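Small disclaimer: the values here were computed from a predicted structure and weren't measured.
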Amino acid sequence: MGLLRDAGVVYKPVEQIDLGPCSNESYFKADKAPRMAGFLLKIFAWFLESRIIGALLLYIVKKNNQVHKLVSNATLEEPPMFVPLHPITDCIKTDLNQQEVKQIDSDASPPERVQQAIKCVPVTSDKSLDLKSSCFRRWTIADYSRAYSTGEITPLRVAEHFIDAVRESCSPPLPMSFFINSDAEDILRQATESTLRYERGNPISALDGVLIAIKDEIDCYPYPTTGGTKWLHKFRPCTGDACCVMRLRSCGVILVGKTNMHELGAGVSGINPHYGPIRNPYDPKKICGGSSSGSAAVVSSGLCPVALGVDSGGSVRMPASLCGVFGFKPTFGCIPHSGVLPLNWTVGTVGILAATLDDAFIVYAAISGDLPSHKPTTLPPKVQFPLLNSTKPISNIRFAKYGEWFNDCSDEIRICCSNALNLLCDHYKWKTVGVTIPDIESMLLAHYVTISSECSTSLSSHMEKLDFAEIGWDVRVALRVCGAFHGKEYIQAQKMRNRQMQIHNNIFAMADVIVAPTTGRTAYSIVDDALKTGEVDCINGAALIRYQIAGNFLGLPAVTVPVGYDKAGLPIGLQFIGKPWSEPTLMHVAYAMQALCISEYRKPKVFYDLLHKS
């Protein structure tokens with residue numbers, strides 16, 4: 001292939017880049033291939049898997065997507081950065097200077113941390129439990145905890161409502177396909193134990209009896225961890241809880257099952273040919289986004305106030321936005337990855353999907369922090385929780401907005417997100433700072449090289465023993481492409497990571513938070529030809545993933561907030577990306593946005609009231 005070598009970009013040193021709004025750095029997007037599904041997708045997969053034609057096709061795919069030009073053959077002077085760790089230093093502590101926070105001992109147990117978090121959120125009145133008012137809202141952790149404590153309803157009764165609702169959601173003509181595994185007997189056992197604790201007056205925490213679902217990429221014993229496949233659990237049996245699940249269990253949570261997901265997290269639609277397409281509660285004929293599709297859908301539909309997902313390429317924030325809920329991804333290393341499928345090591349983290357920002361914060365409090373067996377090499381000795389109940393709003397927040405990137409979305413999203421940002425700034429007297437973020441497409445491709453290489457390496461020992469007939473056709477294509485990157489390309493991608501880390505650090509010197517839409521389009525239709533094969537839809541996929549990558553590739557915290565709907569009634573999210581370890585500031589900002597938008601939230605077409613108050 002030496003004669004076919006493409007010339008690579010020569011990237012200028014970071015210190016020479018103008019990051020201001022009038023920079024001459026161009027906003028570049030690579031052309032994307034048309035959609036494939038059904039028989040056409042099968043033919044493409046067969047060609048890719050052939051030895052000679054496949055190698056040529058992979059070269060063309062990489063060339064057409066500008067991988068050679070922007071990553072493989074590029075000239076970068078930065079050394080590689082293999083893991084996006086952000087050690088806490090005095091400089092970072094001074095730079096963050098977070099307002100309205102409470103110091104919490106990092107050694108506190110999960111129930112103790114939940115108790116401290118509860119003290120940081122506003123207390124809702126009993127009147128707010130009335131769903132008959134004109135404003136729609138989902139039941140929250142506080143609502144369930146209050147109803148249990150007053151004896152208005154028991155965890156056992158709620159669990160029974162949940163089991164009935166899940167059974168109903170599986171009914172024709174459009175099964176919602178929320179779960180891969182959900183064991184009614186195990187749920188009732190947990191609910192009975194929680195009910196007894198409330199009857200004795202000694203619930204473990206405010207999370208006792210609260211229903212939480214787990215993405216099937218995270219170990220939750222005794223369920224198998226399939227990763228959305230029909231085979232992975234045979235090679236990697238689940239023998240216990242992931243750390244984050246163990247911490248939730250220690251708080252008395254009722255773990256209700258493993259949510260459906262895009263197979264191996266290798267796509268953004270949530271169309272799983274093995275367990276069914278996960279359908280959007282706002283329109284069951286539309287996708288949920290992926291890959292934490294089922295986790296977003298169960299929160300959106302009212303089945304759970306919170307669910308866990310894994311965010312490796314926007315996999316929490318993207319479906320949260322499309323399903324009209326909150327999606328929170330913390331700083332890399334903030335939540336232990338122990339017990340999560342090792343599909344990628346340097347871009348993924350456990351994330352939280354929730355009905356409200358308050359609920360995301362409470363669960364974050366429960367599951368974050370170092371493992372006891374690990375020395376705290378990155379986390380501070382004291383944890384800062386945001387005082388969301390403070391009567392004094394935080395001040396002087398500066399939002400970095402890259403206009404061309406922000407506006408690279410549908411008109412309805414651009415208008416909705418712009419209006420929401422203007423409303424936020426006007427209400428709190430915050431400011432927007434114009435910036436330029438160079439080489440976004442290059443960062444996206446470098447992230448793709450990284451996640452693909454890590455996934456391929458992780459699964460390589462299983463591929464030789466696997467019957468490819470057990471894999472969805474879209475994932476067969478993805479795995480073939482994932483295995484096409486070599487060591488030099490991986491190193492080049494890590495150089496790009498270092499470069500973008502420096503660029504974003506310079507942007508954060510000018511602003512506190514980067515703001516952008518969460519996705520470039522709202523949920524699109526589930527097409528029948530994809531039900532049995534999956535689909536490869538690079539155009540829609542690019543629109544959904546456009547704003548996600550910095551959070552994963554650079555390990556930055558990010559949160560999506562529902563801020564409106566398109567003309568078809570499909571949700572729109574606005575995303576805030578913060579400095580490393582700036583979770584308190586990020587939550588303050590998201591909470592402020594929630595306060596301005598919550599009265600306009602709409603009820604999904606598919607919704608279950610487990611407290612039976614509507």
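Judged by distance alone, the side chain of Gln500 and the main-chain N or O of Pro438 form a donor-acceptor pair under 3.5 Å. In this structure, Arg497 contributes its side chain and Phe553 its backbone to a donor-acceptor pair below 3.5 Å. At distances below 3.5 Å, not a single donor-acceptor pair connects side-chain atoms of Thr331 with backbone N or O atoms of Cys334. The closest donor-acceptor contact from the side chain of Asn280 to the backbone of Leu322 lies under 3.5 Å. Checking side-chain atoms of Arg138 against main-chain N and O of Ser300 turns up a donor-acceptor pair under 3.5 Å. Listed for the Trp345 side chain is no donor-acceptor partner under 3.5 Å among the backbone atoms of Val83. Between the side chain of Tyr198 and the backbone N or O of Pro155, no donor-acceptor pair lies under 3.5 Å. Judged purely by atom type and a 3.5 angstrom limit, Ser145 has no side-chain atom pairing as donor or acceptor with the backbone of Ala142. For Gln98 (side chain) and Trp581 (main-chain N/O), a donor-acceptor pair under 3.5 Å exists by modelled atom type. At distances below 3.5 Å, not a single donor-acceptor pair connects side-chain atoms of Asp216 with backbone N or O atoms of Lys258.
Applying the salt bridge (charged side-chain N to carboxylate O under 4.0 Å, His left out) definition to pairs two or more places apart or across chains, none involves residues 330-346. Within the structure, salt bridge (charged side-chain N to carboxylate O under 4.0 Å, His left out) contacts touching residues 384-404 (residues at least two apart or in different chains) are Arg398-Asp512. Here salt bridge (charged side-chain N to carboxylate O under 4.0 Å, His left out) pairs that include residues 541-554, with residues two or more places apart or in two chains, are Asp408-Arg546.
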Could you walk me through whether Gln502 and Asn498 satisfy the side chain to side chain donor-acceptor pair (under 3.5 Å) test, starting with their C-alpha distance in whole Å, then the side-chain angles of each, then the deciding distance to 0.1 Å, before giving a yes or no? CA-CA 6 Å; Gln502 294 180 47; Asn498 190 348; 3.1 Å; yes

Verdict with reasoning, Ser368 to Arg113, per side chain to side chain donor-acceptor pair (under 3.5 Å): CA-CA 9 Å; Ser368 59; Arg113 291 163 70 102; 2.8 Å; yes

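A salt bridge links Arg499 to Asp439: one of the charged nitrogens lies within less than 4.0 Å of a carboxylate oxygen.
Rounded to the nearest 0.5 angstrom, Tyr601 OH and Ile598 CD1 are separated by 6.0 Å. From Asp359, atom CG reaches atom CG of Leu353 across 12.0 Å, with rounding to the nearest 0.5 Å. Between atom CE of residue Met587 and atom CG of residue Leu388 there is a gap of 8.0 Å, rounded to the nearest 0.5 Å. To the nearest 0.5 Å, the span separating CZ on Phe607 from CG on Leu303 amounts to 9.0 Å. With rounding to the nearest 0.5 Å, the separation of OH in Tyr148 from CG in Leu611 is 7.0 Å. In this structure, Gln190 CD and Ile254 CD1 are separated by 6.5 Å, a value rounded to the nearest 0.5 Å.
Two residues are said to be in side-chain contact when any heavy atoms from C-beta on lie closer than 4.5 Å; Leu554 and Met443 meet this criterion. Between Met510 and Leu19 there is a side-chain heavy-atom pair separated by less than 4.5 Å. Within the 4.5 Å cutoff, no side-chain heavy atoms of Ile440 are placed close to those of Ile549. Counting heavy atoms from C-beta outward, Val363 and Phe328 have side chains that stay 4.5 Å or more apart. Counting only heavy atoms from C-beta outward, the side chains of Val299 and Cys323 never approach each other to under 4.5 Å. In this structure, the side chains of Leu544 and Ile287 come closer than 4.5 Å at one or more pairs of heavy atoms. Between Val306 and Ile352, the closest side-chain pair of non-hydrogen atoms falls below 4.5 Å. You'll find the side chain of Arg247 reaches within 4.5 Å of the side chain of Pro336, heavy atoms only.
Asp283 meets the salt bridge (Lys or Arg N to Asp or Glu O under 4.0 Å) test with no other residue; sequence neighbours excluded. Partners of Asp311 according to the salt bridge (Lys or Arg N to Asp or Glu O under 4.0 Å) rule, which considers only residues two or more places apart in sequence or in another chain, are Arg317. Residues satisfying the salt bridge (Lys or Arg N to Asp or Glu O under 4.0 Å) criterion with Asp566, sequence neighbours excluded, are absent altogether. In this structure, Lys429 has no side-chain contact (heavy atoms from CB on, under 4.5 Å) partners at least two apart in sequence or on a different chain. In terms of the side chain to side chain donor-acceptor pair (under 3.5 Å) criterion, Tyr591 has no residue partners (sequence neighbours excluded). Residues satisfying the side chain to side chain donor-acceptor pair (under 3.5 Å) test with Asp219, not counting sequence neighbours, are Thr225, Arg236. Applying the side chain to side chain donor-acceptor pair (under 3.5 Å) test to Ser301 and every residue at least two apart in sequence or in another chain returns nothing. Residues forming a salt bridge (Lys or Arg N to Asp or Glu O under 4.0 Å) with Lys215 (at least two apart in sequence, or on another chain): Glu217.
Contact detail for Pro281 and Cys288: the closest heavy-atom pair is CD-SG, 4.3 Å. The two residues Ser295 and Leu308 come nearest to each other via the heavy atoms OG-O, 2.8 Å. The heavy-atom pair separating Asn389 from Pro122 by the smallest distance is CB-N, 3.6 Å. Minimum interatomic distance between Ile572 and Cys417 (heavy atoms only, all atoms of both residues): CG2-SG, 3.8 Å. Counting all heavy atoms, side chain and backbone alike, Gly551 lies closest to Lys329 at O-CE, 2.9 Å. Of all heavy-atom pairs spanning Ala242 and Ile218, the tightest one is CB-CG2, 3.5 Å.
Ring orientation note: the planes of Phe361 and Tyr364 are tilted relative to one another, at an angle of 30° to 60°. Note on ring orientation: taking the six-membered ring where Trp is involved, the planes of Phe576 and Phe399 are tilted (angle from 30° to 60°). Between Trp405 and Tyr547, the ring-plane angle classifies as tilted under the 30° and 60° cut-offs. Between Tyr565 and Tyr282, the ring planes lie tilted relative to each other; the angle falls in the 30° to 60° range.
Exactly one of Gln594, Glu600, Met593 qualifies for a side-chain contact (heavy atoms from CB on, under 4.5 Å) with Val563. That residue is Met593. Of the candidates Ile577, Leu556, Val435, Ile577 is the only one forming a side-chain contact (heavy atoms from CB on, under 4.5 Å) with Ile514.
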Quiz: residues 206-213 side-chain donor-acceptor pairs under 3.5 angstrom, not counting sequence neighbours:
from   : atom 1 : to     : atom 2 : distance (Å)
Asp208 : OD1    : Ser194 : OG     : 2.7
Asp208 : OD1    : Arg197 : NE     : 3.4
Asp208 : OD1    : Arg197 : NH2    : 2.8
Asp208 : OD2    : Arg197 : NE     : 2.8
Asp208 : OD2    : Ile204 : N      : 2.8

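Shown here is Asn202, whose CG atom has more than 12 heavy atoms of other residues, nucleotides or ligands within 6.0 Å.
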